[in-house]
Amino acid sequence: MTNQEVARVLAEIGEYIQMDEGLSFRARAYDKAAEIVGGMPDSITELFKKGGEDAVIAINGIGKGIAQTIAELATDGASTMHEELKRAMPIDLSALRSVEGLGPQKISRLYKELGITSLATLEEAAKAGRIRALSGFGEKSEQKLLRGVGFLKTGTGRFPLGDVLPWARSVEKALAGVRGVTRVAIAGSARRRRETAGDIDFLAVAKDSAAAMDFFVSMPDVTEVIARGDTKASVRLASGLTADLRVVPAASYGAALNYFTGSRDHNIALRQIAQDKGLKLNEYGLFRGEKSVAGKTEEGVYAALGLPYIEPELREMGGEIPAALENRLPDLVGYGDLVGDLQVQTSWTDGAHTIMEMAQAARAAGLSYIVVTDHTKRLAMMGGLDERRLALQGKEIDEANGSLKAQGIDFLILKGSECDILKDGSLDLSDEALSALDVVGVSVHSYFDLPRDEQTARIVRAIRNPHADILFHPTGRKINRRPAYDVDMDEIIAVAKETGTVLEADAFPDRLDLNAEHIRKCMGAGVKISIDSDAHDKAHFSVLEYGIAQARRGWARRKDVINAWPASEMLAMLKH
DNA sequence: GCCGTTTTCGGCCCGACTGTTTTCAGTCG
């Protein structure tokens, strides 16, 4: 069983408990355990198999009771408690739970009093007007549930950050122009730069919140106002995305920004620290009794808690609190730190622009070198380069460099390749052709369905090729389109460490491959990464930001990222 | 159900909004 599956069972048990007890501490314990297991980098069932129940109990937040459930899941693939709860109430809990406004207690009543077990039976009952008859429910709740079901049927989940951040920034700018608004910020998971967003949170400071609220609920793409109070509004957009706005006084800006940035668990940990110091932390500030101790700035809040400032990308309860307490937070790679781009395609294959056009665009984006990495012949559909055309391209690069130099422009175009990894792990170009290149990237574009062992062995063979410098988009996943191929990344990382191979963090918003967790593993193993745009168009250098964000989420420092180094140092590293 | 250099018992994060209430429960983040 995967950690996600175990987490789901634990969370469902927690929800069932909530049906009877409300959000009791027992229910919370299951909820919390689900969060912990879901966020663990290593397999909980493997941990149990190796270390027994004791190893599981050693995890903070998991005690004897929940460890027993985990033990059952690891050995039988099922938990008696969970099975009994499901038997007593055979409902599609996760589907019903995803309806806006429907929580455990209402779900329980709908089942007991109307026999509602699924989205279909919920919709039927609502349409027949049977829900409004229940005490505590009314016509409005019934309509809201109906809208909720309708929304789920249109089926949208989380949106790639690259799709929503530009929109969020435009709203941020517009909000800043609303009368009375003195500060605006994007908060939530978008500020933490999670690779996808389910909603977007905005925070504003305004003397009079009404104008900001009015603006927010009447933006052109709002299709539904879910809530609108004095200080908080929530809307649904045509795209399916939800957006929240919260307005706070200036004195609370830092505390509120911290609160609305999350993650939820990070906030809970901070409040725990506050509590231990006899303080109370909420979105309005940090208080000792009635007296405000901090709250105007985020830095001030952290400082008053005895912590250095923690960057939003780290606020995921991935060890940032202990690291902060011990003053060993990483000095993260910065958004302006990249000086080169090691994966760029041109019109020689499937790119839209010429080598020189891409070089000029990269320079305009603040870079001082690029590596031209067109596809190779195996990708015939894209006009992949064979050895002969690659040599011709090399001549064009020499000429382009000469022309830049003649104009006194300090910019370097390097020769490279996105060389295809064939089914058996051999490379698509001859050793002779590869040895003429400055940087050799290798990548998988076929046979995604190989068994795990075979896929891993194939990629290992490719990166063991002495010419291979970088493994491009190592897992092949495309967000919301296809999962990663089945590959043992721990093994790949171990071999990369041994061979000095660099692993790429492809910055393209639908790839973000490596993801933050894998980058974190690379950091742990001492494997270097490159953050590349995978640009196919002049406009694509802007996506580097998303790759940097994921690298920061993976605790990468500037010195861990080879294209944050000058070209000479980067090349010296690749050639050992 | 989990946890503990103040505790093995008695705590456990905190507040806004909605709808149905007539003082609050449920949900959400």
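Numbered from 1 within each chain, the chains take letters A, B, ... in sequence-line order.
For the pair A:Arg183 and A:Tyr253, the cation-pi criterion (under 6.0 Å, within 45° of the ring axis) is fulfilled.
Nucleic acid contact for A:Lys144: none, since no nucleic acid atom lies under 4.0 Å from a heavy atom of the residue. Across all strands shown, A:Arg28 has heavy atoms under 4.0 Å from base atoms, whether or not it also approaches the sugar-phosphate. A:Leu281 comes within contact range of the sugar-phosphate backbone alone, with a heavy-atom separation under 4.0 Å but no base atom that close. Within the 4.0 angstrom heavy-atom criterion, no nucleotide atom of any strand lies near A:Leu270. Using a 4.0 Å heavy-atom cutoff across all strands shown, A:Ile17 reaches no nucleic acid atom at all. Looking at heavy-atom distances under 4.0 Å, A:Arg97 makes contact with sugar-phosphate atoms alone, never a base. Across all strands shown, A:Val99 has heavy atoms under 4.0 Å from sugar-phosphate atoms exclusively, and none from any base. Across all strands shown, A:Glu139 has heavy atoms under 4.0 Å from sugar-phosphate atoms exclusively, and none from any base. Residue contacts shown for A:Asp230 are limited to sugar-phosphate atoms, with no base heavy atom under 4.0 Å away. Note on A:Ile36: nothing from the nucleic acid sits closer than 4.0 angstrom, heavy atoms only.
The nucleotide whose nearest atom lies closest to any side-chain atom of A:Asp199 is, among B:dC12, B:dT27, B:dG29, B:dG29. Distances from the side chain of A:Asp201 to the nucleotides B:dG1, B:dG29, B:dC14 place B:dG29 closest. Closest to the A:Lys106 side chain, of the nucleotides B:dG1, B:dG15, B:dT27, is B:dT27. With B:dG19, B:dC14, B:dG29 as the candidates, the nucleotide lying closest to the side chain of A:Asp244 is B:dG29. Distances from the side chain of A:Phe25 to the nucleotides B:dC2, B:dC12, B:dT18 place B:dC12 closest. Ranking B:dG15, B:dT18, B:dG1 by closeness to the A:Ile66 side chain, first place goes to B:dG1.
Put simply, OH on A:Tyr284 is 11 Å from C1' on B:dC14, counting in whole angstrom units. When rounded to the nearest whole Å, the span between CZ of A:Phe216 and P of B:dC17 equals 13 Å. Going from atom CZ of A:Arg236 over to atom C1' of B:dG29 covers 15 Å, rounded to whole Å. The distance between atom CD of A:Glu283 and atom C1' of B:dG29, rounded to the nearest whole Å, is 10 Å. Summarising the geometry, the separation between CD on A:Gln143 and P on B:dT20 is reported as 11 Å, rounded to the nearest angstrom. When the P atom of B:dA25 is taken as reference, atom CD of A:Gln105 falls 10 Å away, rounded to whole Å. In this structure, A:Asp276 atom CG and B:dT5 atom P are separated by 10 Å, rounded to whole Å. Put simply, CZ on A:Arg26 is 18 Å from C1' on B:dG10, counting in whole angstrom units.
Inspection of the A:Asp513 and A:Thr475 side chains reveals an N or O donor paired with an N or O acceptor under 3.5 Å. A:Thr196 and A:Arg158 share a side-chain donor-acceptor pair at under 3.5 Å. Counted by atom type alone, A:Trp167 and A:Asp221 present one or more donor-acceptor pairs between their side chains at under 3.5 Å. A:Ser24 and A:Glu21 share a donor-acceptor pair across their side chains, judged by distance under 3.5 Å alone.
Of the possible polar contacts, one joining the A:Arg315 side chain to the A:Ile310 backbone as a donor-acceptor pair under 3.5 Å is found.
Annotated as anti: B:dT6, whose glycosidic dihedral deviates from 0 by more than 90°.
In this structure, A:Lys32 does not reach the B:dC12 phosphate: none of its side-chain N or O atoms is under 4.0 Å from OP1 or OP2. For the pair A:Thr231 and B:dC17, the criterion of a side-chain N or O lying under 4.0 Å from OP1 or OP2 is met. Residue A:Ser234 places no side-chain N or O under 4.0 Å from the OP1 or OP2 atom of B:dC17.
The aromatic rings of A:Tyr302 and A:His266 sit tilted, their planes meeting at an angle between 30° and 60°.
For the C1' atoms, the distance linking B:dG1 with B:dT8 amounts to 15 Å, nearest Å. Taking atom C1' in both B:dT23 and B:dC17, one finds a spacing of 16 Å when rounded to whole Å. Nucleotides B:dG10 and B:dT18 have their C1' atoms positioned 34 Å apart, rounded to a whole Å. Across B:dT20 and B:dC28, the matching P atoms stand 16 Å from one another, rounded to whole Å. Nucleotides B:dT21 and B:dG26 place their C1' atoms 13 Å apart, quoted to the nearest Å. Comparing the C1' positions of B:dC2 and B:dT7 gives a spacing of 14 Å, expressed to the nearest Å.
When each of A:Ile268 and A:Gln18 is assigned the nucleotide of DNA chain B bearing its nearest heavy atom, the one mapping closer to the 5' terminus is A:Ile268. The residue among A:Asn282 and A:Gly136 whose nearest nucleotide of DNA chain B lies closer to the 5′ end is A:Asn282.
Nucleotide B:dT8 has no partner under the Watson-Crick or G-U criteria, as no pair reaches both atom distances under 3.5 Å.
A donor-acceptor contact under 3.5 Å is formed by the side chain of A:Tyr259 with the base of B:dG29.
Considering A:Arg130, A:Arg132, A:Lys127 in turn, A:Arg132 is the only one that fulfils the side chain to side chain donor-acceptor pair (under 3.5 Å) rule with A:Glu142.
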